[in-house]
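Here is the naming used below: chain letters follow the sequence lines, and residue numbers restart at 1 for every chain.
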Protein chains: 2
Amino acid sequence: MSQPLNIDKLDLQIISEMSTDASISYAELGKKLFVSGGTIHVRIKKLHEMGVIKGTRLQVNLRAIGYDVLAFIGIYLEKSSLYENVAKQLLKIPQIVRLNYTTGSYSMFAEIICKDSGELRKILQDDLQHIKGIERTETIISLEESFSRPINVSEVV
Amino acid sequence: MSQPLNIDKLDLQIISEMSTDASISYAELGKKLFVSGGTIHVRIKKLHEMGVIKGTRLQVNLRAIGYDVLAFIGIYLEKSSLYENVAKQLLKIPQIVRLNYTTGSYSMFAEIICKDSGELRKILQDDLQHIKGIERTETIISLEESFSRPINVSEVV
DNA sequence: ATTGAAAGAGTCTCAGT
DNA sequence: ACTGAGACTCTTTCAAT
């Protein structure tokens, strides 16, 4: 596999380092990668402009702020062509944090974060049942997250 | 639902703002929330120490760095008690970026990011087949990510 | 494309409230 | 617990290479 864009080893090293900790300073990152802080700055600016880097997100302990339930919802559609409209409806439910159009066991696959199981049940029964195009859903509840990590990009070089 | 810890409205507002953009400055965030930058600083430090905030992660356009395939793998275990060992084995596969212990259609649920479908096939055939305790797997390939966003925390207040 | 230095902006601490 | 000010560090720009 070749990189489709002008991304070199240094870019990937920057992405790799910041994937696990985006708050590292340019100065420190430069020291780590044996270039100046100015170079790091230029590269990150370029990667932003190219759309390779989309931004930074806070990693939050969801349980600590009262969100106890993480679940996945496999969605079967009546017709694949209803995908766009169903996606639009699911976007309106703030607890649904991620949606993929999939092939395999399901037509669509969603991730949902709720305060408790009651909230999840309410969304499954009240909201999802009324979305035109959804045939049926299967709910997969996470009892424990074993791990969650960024892709290890270093080997690409 | 009550917050189990000492987290007030300001804390949640900070988390909410930084969930979508963790790179906002304390000064700007303070202006937005009508407190001083120093207060923002103290709060974020507290949230870190409490383990509410776990860190920041770069959001990367995976296709741009040569990762074309995102898939989910539903895993059926021979016995639930094999969970710990299977998790340990899956952790060794760098392309698997997330693993949950689940109830519902599967015993475990993984997320995997590969450079191409060949790499995915190789992992499914060579690596997963040889892990003791896995009965069978079901692969769900993402054709498109409709959306991915942080949980909307503001309403918790 | 990278560097080093200067200017500007932000962080972090702390005394005062 | 919050503020504002001072010391310090980091970002950002730019002339030179």
Peer 1: Taking the side chain of A:Val35 as its heavy atoms from C-beta onward, which of C:dG10, C:dC12, C:dT3 lies nearest to it?
Peer 2: C:dT3

Peer 1: Grab the two heavy atoms, one from A:Asp11 and one from A:Arg43, that are nearest each other, plus how far apart they are.
Peer 2: OD1-NH1, 2.9 Å

Peer 1: Is the distance between the ring centroids of B:Phe72 and B:Tyr106 under 6.0 Å?
Peer 2: no

Peer 1: Does A:Lys54, at its NZ atom, have more than 12 non-hydrogen atoms belonging to other residues, nucleotides or ligands within less than 6.0 Å?
Peer 2: yes

Peer 1: Of the options C:dT2, C:dC12, D:dT3, whose atoms approach the side-chain atoms of B:Ser36 most closely?
Peer 2: D:dT3

Peer 1: Within this structure, what is the CD1-to-P distance between B:Ile14 and C:dT11, rounded to whole angstrom?
Peer 2: 12 Å

Peer 1: Nearest-Å distance, NZ (B:Lys45) to P (C:dT13)?
Peer 2: 5 Å

Peer 1: For B:Thr39, report the nucleic acid contact type (base, sugar-phosphate, nothing); a contact means any heavy atom under 4.0 Å.
Peer 2: base

Peer 1: Counting side-chain heavy atoms from CB outward, which of D:dT12, C:dT11, C:dT2 is closest to A:Leu10?
Peer 2: C:dT2

Peer 1: In whole Å, what is the span from the CG atom of B:Leu33 to the P atom of D:dT3?
Peer 2: 11 Å

Peer 1: Side chain of B:His41 only, heavy atoms from C-beta on: which candidate in D:dT11, C:dT2, C:dT13 is closest?
Peer 2: C:dT13

Peer 1: Hey, is the side chain of A:Arg43 poking within less than 4.0 Å of OP1 or OP2 on C:dT2, counting only N and O atoms?
Peer 2: yes

Peer 1: Return the value, rounded to whole Å, for the distance between atom CD1 of B:Ile40 and atom C1' of D:dT3.
Peer 2: 13 Å

Peer 1: Using atom CG of B:Asp11 as one end and atom C1' of D:dC2 as the other, report the distance to the nearest whole Å.
Peer 2: 14 Å

Peer 1: Take atom NZ of A:Lys46 as the centre, draw a 6.0 Å sphere, and report whether it contains more than 12 heavy atoms from other residues, nucleotides or ligands.
Peer 2: yes

Peer 1: State, with a plain yes or no, whether a side-chain heavy atom of B:Ile73 is found less than 4.5 Å away from one of B:Ile112.
Peer 2: yes

Peer 1: Give the rounded distance in Å between these two atoms: CD of A:Glu28 and P of D:dT9.
Peer 2: 13 Å

Peer 1: I need the CD1-P distance between A:Ile7 and C:dA1, as an integer number of Å.
Peer 2: 14 Å

Peer 1: In this structure, how many angstroms lie between the C1' atom of C:dA9 and the NZ atom of B:Lys31, rounded?
Peer 2: 11 Å

